[in-house]
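Scope of the values below: all heavy atoms of this structure, side chains included, with no hydrogens, waters or symmetry mates. The chains referred to below are lettered A, B, ... by the order of the sequence lines, with proteins before strands, and numbering in each begins at 1.
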Number of protein chains: 2
Amino acid sequence: MTYTLSSINSQEGGGLAQVPKDRQQRSVPRPRLNRETVLRAGVELADQVGIEGFTMRTLSQELGVVPMALYKHVANKQELLEGMVDLVWNEVTEPDAGRGWKQGVRDRSVSLRDALIRHRWAVGLMEAAGRPGPENLRQHNAMLGCLRQGGFSFRTTVHVMSLLDAYVYGFALQQKTLSFETPEESAASAAATHDAESAETAARYPYLLEVVAELAKEGYDYDAEFTVGLDLLLDGVEALRGSWRSA
Amino acid sequence: MTYTLSSINSQEGGGLAQVPKDRQQRSVPRPRLNRETVLRAGVELADQVGIEGFTMRTLSQELGVVPMALYKHVANKQELLEGMVDLVWNEVTEPDAGRGWKQGVRDRSVSLRDALIRHRWAVGLMEAAGRPGPENLRQHNAMLGCLRQGGFSFRTTVHVMSLLDAYVYGFALQQKTLSFETPEESAASAAATHDAESAETAARYPYLLEVVAELAKEGYDYDAEFTVGLDLLLDGVEALRGSWRSA
DNA sequence: ACCTGAACACCGTTCAAGT
DNA sequence: ACCTGAACACCGTTCAAGT
């Protein structure tokens with residue numbers, strides 16, 4: 001989770017203002033930039049600062065280079081982000097059709113969700129407008145193949161993939177916004193938020209208050225939550241194998 | 001869908017460069033700004049230009065005012081967006097517990113999804129970090145109440161709401177990125193994208209190609225797709241009423 | 001109480017120039 | 001082939017000033 005970026009940071013970012021420019025240049029024998037290095041550094045930076053802090057200028061600074069240098073390796077910021085997203089897709093394990101469609105699809109859904117948690121900035125970009133990258137294509141192809149080989153009709157296969165991905169994306173989206181780390185912090189934060197408004201709020205939103213109080217006591221486990229919902233979905237999907245619209 | 005903004009646009013935006021400043025000021029007897037007007041204009045503008053084209057400066061221009069004037073009514077852009085999101089929550093119909101939990105929850109899920117389609121910029125912001133607005137609180141409280149009154153245990157209620165919202169958000173997220181309007185355009189666009197790469201791609205992603213070809217022939221109905229998946233979820237949820245973990 | 005003008009510290013990106 | 005410097009047209013936002 002903590003890559004090499006922080007060390008680069010303390011070397012360059014910290015001392016950058018003090019060190020003369022040509023000195024700074026030579027002190028870190030920076031390897032020649034290429035597309036791959038730029039994309040990987042982009043992922044690292046976005047992981048650390050989030051999408052709103054991610055700029056061409058900060059990225060170039062991390063790489064010890066002037067902002068314009070990046071444009072030799074990526075067309076523009078949009079295309080850079082697309083490349084970064086495909087790097088995230090590359091981290092997702094393909095479904096293994098040999099283990100059966102259900103296990104294969106389950107594994108890949110968990111893997112996708114894990115990747116989205118590691119790279120919280122990516123959720124809104126995974127299915128974004130631009131041309132899908134090769135890893136994206138490979139991944140979706142494998143998913144479709146797993147379901148087709150599992151005996152799902154063509155039409156149902158498309159439905160199921162859309163349904164499962166919607167759940168994974170949506171869950172990651174919900175979890176992304178919750179910035180606290182542990183369930184305990186989560187509960188405490190929720191309680192604190194609403195306690196401040198106290199009496200009036202309690203009267204207006206009784207069910208909400210019940211939840212906050214209860215969660216404050218017991219905590220909330222997102223990981224367990226996700227897999228329970230996923231299995232519910234998979235069971236539902238299994239029931240319609242061969243029965244959804246045109247079989 | 002097409003509000004009054006376009007007419008304002010043609011009045012002010014179009015002639016703004018030609019008309020002298022004081023003249024332009026008086027020609028449109030602009031009513032006094034307040035928080036409500038700013039937020040509503042914000043929603044309209046974001047609907048039209050998307051979140052990336054939505055700036056304080058363009059919004060102020062739409063309102064016939066200098067950018068700084070907005071800061072009398074909203075603290076900053078972040079707080080403005082939060083207010084706009086709560087306006088979207090206000091469009092969502094509360095679940096009617098009287099019709100039974102299943103119908104109530106279904107109606108509100110469809111309504112939420114419709115709102116997210118009308119305001120595509122909102123998906124990533126609905127559960128965003130800031131303080132949830134009053135409409136957001138009211139909405140979630142009503143959803144919880146509907147499920148509790150439907151006989152769901154406290155714990156299960158939380159799970160179900162999280163599961164359903166994840167699906168709605170995720171589906172809207174998928175649909176958001178597809179910018180084409182009709183299913184036919186959707187299919188054509190998909191086909192065109194992959195046709196360009198032709199032979200090599202066909203060999204590498206056979207299942208994906210199958211989908212593209214098939215969808216090009218038959219089209220793809222997102223609306224039907226959404227409700228089918230939703231009903232699958234609701235049936236699955238019904239089965240675990242009173243049985244999920246602590247009943 | 002509400003709006004404005006000028007200014008600041010940022011953005012992404014272009015272009016011509018350096019090595 | 002790769003990187004740089006200077007510049008352009010934008011951002012959000014502050015502050016002092018106007019009415």
Side-chain angles (χ1 to χ4, degrees), chain A residues 12-13 16-17 19-39 41-42 45-46 49-84 121 125 128-130, chain B residues 12-13 16-17 19-39 41-42 45-46 49-84 121 125 128-130:
Chain A
E12 296 204 343
L16 202 135
V19 183
K21 268 188 180 171
D22 57 325
R23 172 80 185 83
Q24 172 219 341
Q25 212 79 307
R26 246 172 291 123
S27 72
V28 179
R30 171 171 53 75
R32 199 71 147 201
L33 241 49
N34 58 40
R35 187 161 214 275
E36 191 73 8
T37 12
V38 171
L39 294 184
L45 180 60
V49 302
I51 199 69
E52 63 285 331
F54 179 82
T55 70
M56 298 300 277
R57 292 171 120 103
T58 54
L59 176 57
S60 71
Q61 199 178 165
E62 291 294 344
L63 289 165
V65 110
V66 93
M68 315 312 126
L70 300 180
Y71 288 84
K72 207 75 269 168
H73 305 100
V74 295
N76 48 42
K77 192 180 186 181
Q78 169 69 26
E79 202 247 3
L80 167 62
L81 285 172
E82 286 173 19
M84 286 162 56
W121 49 271
L125 270 34
Chain B
E12 296 203 344
L16 202 135
V19 183
K21 269 190 178 169
D22 58 324
R23 172 79 185 85
Q24 172 219 340
Q25 212 79 305
R26 246 173 290 124
S27 73
V28 179
R30 173 171 50 75
R32 199 71 147 201
L33 241 48
N34 58 39
R35 186 161 215 274
E36 192 73 7
T37 10
V38 171
L39 295 184
L45 180 60
V49 302
I51 199 68
E52 64 285 331
F54 179 83
T55 72
M56 298 299 276
R57 293 171 119 104
T58 54
L59 176 57
S60 71
Q61 198 177 165
E62 292 293 344
L63 289 165
V65 110
V66 95
M68 315 312 128
L70 300 179
Y71 289 83
K72 221 31 325 142
H73 306 99
V74 296
N76 48 42
K77 191 180 185 181
Q78 169 68 30
E79 202 246 2
L80 167 62
L81 286 172
E82 285 174 18
M84 287 162 56
W121 49 271
L125 271 35

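Atom C1' of nucleotide D:dA1 and atom CZ of A:Arg35 are separated by 17 Å, given to the nearest angstrom. Per the geometry, CG belonging to A:Leu80 stands 15 Å off C1' belonging to C:dC11, to the nearest Å. Put simply, CD1 on B:Ile51 is 11 Å from P on D:dG12, counting in whole angstrom units. Atom pair A:Leu45:CG and C:dC11:P shows a separation of 11 Å (rounding to whole Å applied). Atom CE of A:Met56 and atom P of D:dC3 are 13 Å apart (whole Å). Per the geometry, CG belonging to B:Leu59 stands 14 Å off C1' belonging to D:dC11, to the nearest Å. The nearest whole Å value for the distance from the CD atom in B:Gln78 to the P atom in D:dC11 is 19 Å. Atom-to-atom, CZ of B:Arg32 to C1' of C:dT4 comes out at 13 Å; the value is rounded to the nearest Å.
Taking a pair to require two hydrogen-bonding distances under 3.5 Å in either a Watson-Crick or a G-U wobble arrangement, C:dA17 remains unpaired. With a 3.5 Å ceiling on both atom-pair distances, D:dC10 lacks any Watson-Crick or G-U wobble partner. In a base pair of the Watson-Crick type (N1 to N3 plus N6-O4 or O6-N4) or a G-U wobble (N1-O2 and O6-N3), with each distance short of 3.5 Å, C:dC3 is matched with no nucleotide.
Here the side chains of B:Thr58 and B:Leu45 are in contact, with some heavy-atom distance below 4.5 Å. In this structure, A:Leu70 and A:Lys77 have side chains that are not in contact, with every pair of non-hydrogen atoms separated by 4.5 Å or more.
Put simply, B:Lys72 has no side-chain N or O that comes within less than 4.0 Å of OP1 or OP2 on C:dC2. Contact check, B:His73 against C:dC3: a side-chain N or O comes under 4.0 Å of OP1 or OP2.
Remark: the backbone N or O of A:Val38 is not paired with any side-chain donor or acceptor of A:His73 at under 3.5 angstrom.
Note that CZ of A:Phe54 is 5.0 Å distant from CG of A:Leu59, once rounded to the nearest 0.5 Å.
The side chain of A:Thr55 approaches C:dG12 more closely than any other nucleotide in the set C:dC3, C:dG12, D:dT13. Checking D:dT13, D:dT4, C:dT4 against the side-chain heavy atoms of B:Tyr71 singles out D:dT13 as nearest. If you check C:dG12, C:dC3, D:dC3 against the side chain of A:Lys77, the one that comes closest is C:dG12. Relative to the side chain of B:Val66, the nucleotides D:dT13, D:dG5, C:dT4 differ in distance, and C:dT4 lies closest. Considering only the side chain of A:Arg57, D:dA7 comes nearest among D:dA7, C:dC3, D:dC11.
A:Met68 comes within 4.0 angstrom of a base, heavy atoms only.
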Problem set entry | Chi angles and distances behind the salt bridge (Lys or Arg N to Asp or Glu O under 4.0 Å) call for B:Glu79, B:Arg35 | CA-CA 11 Å; B:Glu79 202 246 2; B:Arg35 186 161 215 274; 2.6 Å; yes

